[in-house]
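Here is how names work: the chains are called A, B, and so on, in the same order as the sequence lines, proteins then strands, and each is numbered from 1. Reckoned from all heavy atoms, side chains included, excluding hydrogens, waters and symmetry mates.
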2 protein chains.
Amino acid sequence: MDIRDIAAKSGYGVGTVSRVINDQPNVSDRARERILAVMAELGYEPNSNARYLKMRSQTPVAVFVMGVGNRMFDDILGPLQAALAREDEQIVVTYLNGDIDEVRAAIDYQQARHPKGMVFLGGELESFRASFHEIETPSVLVTADASQLGFANLSSVTIDNVAAARSAVGHLLERGHRRIGIVGGNRASGQIGELRLRGAEQALREHGIELDYERDFEPCDFIEVGGYEATSRLLERAGDLTAVFALGDVVAFGALRAIVDRGLSVPGDVSLVGFDDTAFSQYSVPRITTIRQDAARLAERAAQLLLGALRDGSSATHELVDFELVERESVRSRVLLAK
Amino acid sequence: MDIRDIAAKSGYGVGTVSRVINDQPNVSDRARERILAVMAELGYEPNSNARYLKMRSQTPVAVFVMGVGNRMFDDILGPLQAALAREDEQIVVTYLNGDIDEVRAAIDYQQARHPKGMVFLGGELESFRASFHEIETPSVLVTADASQLGFANLSSVTIDNVAAARSAVGHLLERGHRRIGIVGGNRASGQIGELRLRGAEQALREHGIELDYERDFEPCDFIEVGGYEATSRLLERAGDLTAVFALGDVVAFGALRAIVDRGLSVPGDVSLVGFDDTAFSQYSVPRITTIRQDAARLAERAAQLLLGALRDGSSATHELVDFELVERESVRSRVLLAK
DNA sequence: CCGTTGGTTGGAAACGTTTCCAATTCCTGT
DNA sequence: ACAGGAATTGGAAACGTTTCCAACCAACGG
């Protein structure tokens with residue numbers, strides 16, 4: 001069934017029918033009413049391919065989730081989809097784990113279909129420096145800072161990861177901790193781990209401590225098992241740690257387990273701070289002190305930025321949203337002994 | 001840039017170019033080679049809208065996730081997308097929470113775009129009985145049993161939820177528990193909660209216990225906060241419970257917190273069994289005894305079923321995959337006193 | 001040398017829309 | 001009653017493919 005069938009049956013021309021479909025002006029109420037009635041009667045649905053072909057509008061917005069298993073991204077995805085759906089934009093999601101070639105292939109594949117827009121959640125973007133500069137499709141990075149990466153053509157939404165990590169580690173330092181280990185982040189997770197690490201380093205330095213990467217830092221993927229194994233290794237070689245800062249809640253969750261499995265208690269023996277404020281840290285035993293970044297808000301802003309670019313062609317922007325340290329039960333104060 | 005540009009530049013006709021693009025026979029090697037070269041040189045990408053328009057093939061596979069926040073679904077989504085991507089099928093995801101009208105609107109919306117296929121994760125399908133019978137688009141239900149729901153036209157993949165729940169509660173009973181509370185499941189979560197509840201009921205009955213729905217059961221959404229609140233209420237009114245069976249791991253995670261917040265210990269005072277085997281139960285403190293259903297396998301089978309219907313028009317099937325009770329640390333045996 | 005066969009090839013038609021332009025109708029003020 | 005403008009309308013062209021059919025060519029057997 002065709003737009004022509006509707007035209008014929010309603011007694012109007014295809015042009016008029018098309019105008020009705022697209023809610024355009026210059027259609028008499030009588031015509032609109034009649035056409036709508038016929039469409040309803042025949043159960044007509046416009047063919048989206050023909051439509052998109054003509055309008056040279058494109059396939060849906062492509063979303064890349066780089067880091068399967070990072071619950072934080074799952075929390076962002078729902079609100080993102082909802083916000084975009086409100087404006088009638090679909091998303092096509094591609095889940096990727098770190099492997100660079102796989103990521104590149106996936107991006108090429110999606111680019112080839114000329115998506116209207118693109119959204120990147122997490123991931124290591126550095127190695128796409130070359131190709132990313134040429135992206136003209138409206139795109140937004142969530143959870144990574146496009147301007148810092150040097151992509152002037154891409155928008156982005158993040159919290160200030162450096163400041164947030166600094167406040168997390170600062171919290172530990174204020175509570176008297178001096179031997180602080182750090183877990184999480186690696187090449188595949190890219191900038192985000194790096195920034196948080198840098199923030200941690202700064203906080204330590206402000207207290208006159210130089211981070212020993214070999215001993216007190218252990219990288220890992222943002223998944224539970226990564227956090228578990230990394231923390232086990234860390235504790236193995238640096239048994240005197242009194243606190244651990246996990247670069248993500250998923251990691252923290254694994255870390256908590258690892259600490260307990262060594263027969264230590266949180267926060268009794270080791271204090272723990274996470275990052276993201278996912279359900280993990282809210283409901284685990286003990287509840288984990290963490291940095292809240294509001295997934296819904298991040299998603300909402302990302303959607304607005306993308307929509308802006310889509311609709312008005314507004315240019316690339318970097319946007320910061322607030323974070324907050326939320327104190328829970330996983331940090332214990334240490335009395336500092338006089339030296 | 002056009003297929004015509006390629007034709008012109010290569011010196012062949014558009015028909016031949018099209019045949020090359022689609023890997024069809026009846027093209028000389030010389031022609032194929034030349035055309036491929038020109039395509040590469042010009043960086044040509046066929047327009048998928050024009051293509052689909054002509055081929056009357058359709059938009060991507062639509063996936064509905066009914067129950068935002070149920071981590072089990074997040075675990076399925078990645079592998080599902082990967083399996084489909086291997087066969088060059090895209091998915092567009094819609095996240096929904098329970099509200100029936102919202103769900104109906106979303107399904108209508110997607111149906112109108114004539115997706116190639118549809119996949120439903122979870123959700124309450126009962127109220128779609130009327131409309132679901134008319135679905136001709138190849139579709140598969142993951143986590144719900146189409147045949148039991150009476151949808152002969154839809155495929156589905158599940159574990160045997162009844163048997164699994166029975167073995168979970170059976171496990172508790174064997175360990176000497178007699179006062180067992182149940183949390184999770186509600187109208188919006190549909191069949192899945194019902195089936196598990198039924199399994200639990202059976203196990204109890206086999207031990208001569210009749211489930212008191214008013215006292216020992218508390219429904220809730222499959223999210224952490226739901227589990228927390230439901231369990232709090234349950235414990236409030238039935239303080240003598242020695243074990244809790246949560247109908248999903250997310251719920252179990254909230255339940256664990258609720259139990260601890262009442263000053264009770266798991267498994268010291270109250271034993272806990274979950275369902276799904278997500279990362280929650282694997283890494284929480286204590287680790288939670290649960291029913292493993294293999295998300296990757298579920299996803300893989302769902303993809304195959306859908307692909308089968310897409311490619312060979314194979315008809316709707318219901319498939320069962322294995323489950324397994326995995327014993328961890330959240331259940332303690334009770335010595336039964338002689339009565 | 002010619003009719004036949006089978007593999008190549010070109011090009012027109014069709015897919016179902018939107019958009020533009022010209023034509024028509026309807027008002028309005030005089 | 002009529003000119004002039006605005007609102008409405010119809011229809012052709014275009015979007016970028018695939019597909020079908022007719023045409024071509026080379027090889028081959030008689």
Side-chain angles (χ1 to χ4, degrees), chain A residues 1-60 88 90 109 111-116 310-311, chain B residues 1-60 88 90 109 111-116:
Chain A
M1 178 183 357
D2 227 317
I3 195 175
R4 284 182 295 252
D5 297 322
I6 305 297
K9 178 133 189 182
S10 67
Y12 286 88
V14 297
T16 306
V17 174
S18 175
R19 266 164 298 220
V20 169
I21 294 175
N22 295 290
D23 254 327
Q24 286 175 6
N26 294 334
V27 178
S28 67
D29 290 347
R30 219 163 79 76
R32 186 180 306 275
E33 199 173 321
R34 171 86 185 111
I35 290 172
L36 249 20
V38 172
M39 294 200 320
E41 182 190 340
L42 266 49
Y44 164 78
E45 296 288 355
N47 177 306
S48 52
N49 290 316
R51 197 157 208 210
Y52 286 144
L53 169 60
K54 192 58 205 181
M55 313 208 299
R56 25 182 71 114
S57 159
Q58 298 295 5
T59 21
D88 242 48
Q90 306 271 311
Y109 181 85
Q111 285 253 54
R113 331 219 126 197
H114 304 288
K116 271 188 191 167
L310 251 36
R311 306 278 187 257
Chain B
M1 180 183 357
D2 228 317
I3 196 176
R4 285 184 293 253
D5 296 321
I6 306 296
K9 177 134 190 182
S10 67
Y12 286 88
V14 299
T16 306
V17 174
S18 175
R19 263 159 291 197
V20 169
I21 294 175
N22 296 291
D23 255 325
Q24 285 175 6
N26 295 333
V27 178
S28 66
D29 291 348
R30 221 163 76 74
R32 187 181 305 275
E33 199 174 321
R34 172 85 184 113
I35 290 171
L36 249 22
V38 172
M39 293 199 324
E41 182 190 340
L42 266 48
Y44 165 77
E45 297 289 353
N47 177 308
S48 51
N49 290 316
R51 200 158 207 208
Y52 286 145
L53 169 59
K54 191 61 207 179
M55 303 177 27
R56 314 84 210 251
S57 160
Q58 299 296 3
T59 22
D88 243 49
Q90 307 270 313
Y109 181 85
Q111 285 253 55
R113 332 220 128 197
H114 304 288
K116 271 187 190 167

With sugar-phosphate taken as primed atoms, P, OP1 and OP2 and all else as base, the protein-contact string of nucleotides 10-17 of chain C at under 4.0 Å (heavy atoms; B, S, -) is BBB-BBBB
Pairs under 3.5 Å (N/O, protein and nucleotides 26-28 of chain C):
none

Look up atom [atom1] in [X] and atom [atom2] in [Y], then write down how far apart they are to the nearest 0.5 Å.
X	Y	atom1	atom2	result
A/Asn47	B/Asn49	CG	CG	9.5 Å
A/Ser48	B/Leu53	OG	CG	9.5 Å
A/Leu36	A/Tyr44	CG	OH	12.0 Å
A/Ser28	A/Arg34	OG	CZ	12.5 Å
A/Arg30	A/Ile35	CZ	CD1	10.5 Å

What donor-acceptor contacts under 3.5 angstrom involve side-chain atoms of residues 15-24 of chain A, with partners at least two apart or in another chain?
{"from": "A/Arg19", "atom 1": "NE", "to": "A/Gly15", "atom 2": "O", "distance (Å)": "3.2"}
{"from": "A/Asn22", "atom 1": "OD1", "to": "A/Arg51", "atom 2": "NH2", "distance (Å)": "2.8"}
{"from": "A/Asn22", "atom 1": "ND2", "to": "A/Ser18", "atom 2": "O", "distance (Å)": "2.9"}

Quick one: side-chain contact (heavy atoms from CB on, under 4.5 Å) partners of A/Asn26, sequence neighbours excluded?
none
Taking all non-hydrogen atoms of both residues into account, name the closest pair between [X] and [Y] and its distance.
X	Y	answer
B/Met1	B/Leu42	CE-O, 3.1 Å
B/Asp5	B/Asp2	OD2-N, 2.8 Å
B/Ala7	B/Gly13	CB-C, 3.7 Å

Please report the end-to-end axis angle for the helix from C/dC1-D/dG30 to C/dT30-D/dA1, five pairs per end, rounded to 10 degrees.
40°
For DNA chain D, which residues in residues 24-33 of chain A have a heavy atom at a distance below 4.0 Å?
A/Asn26, A/Val27, A/Ser28, A/Ala31
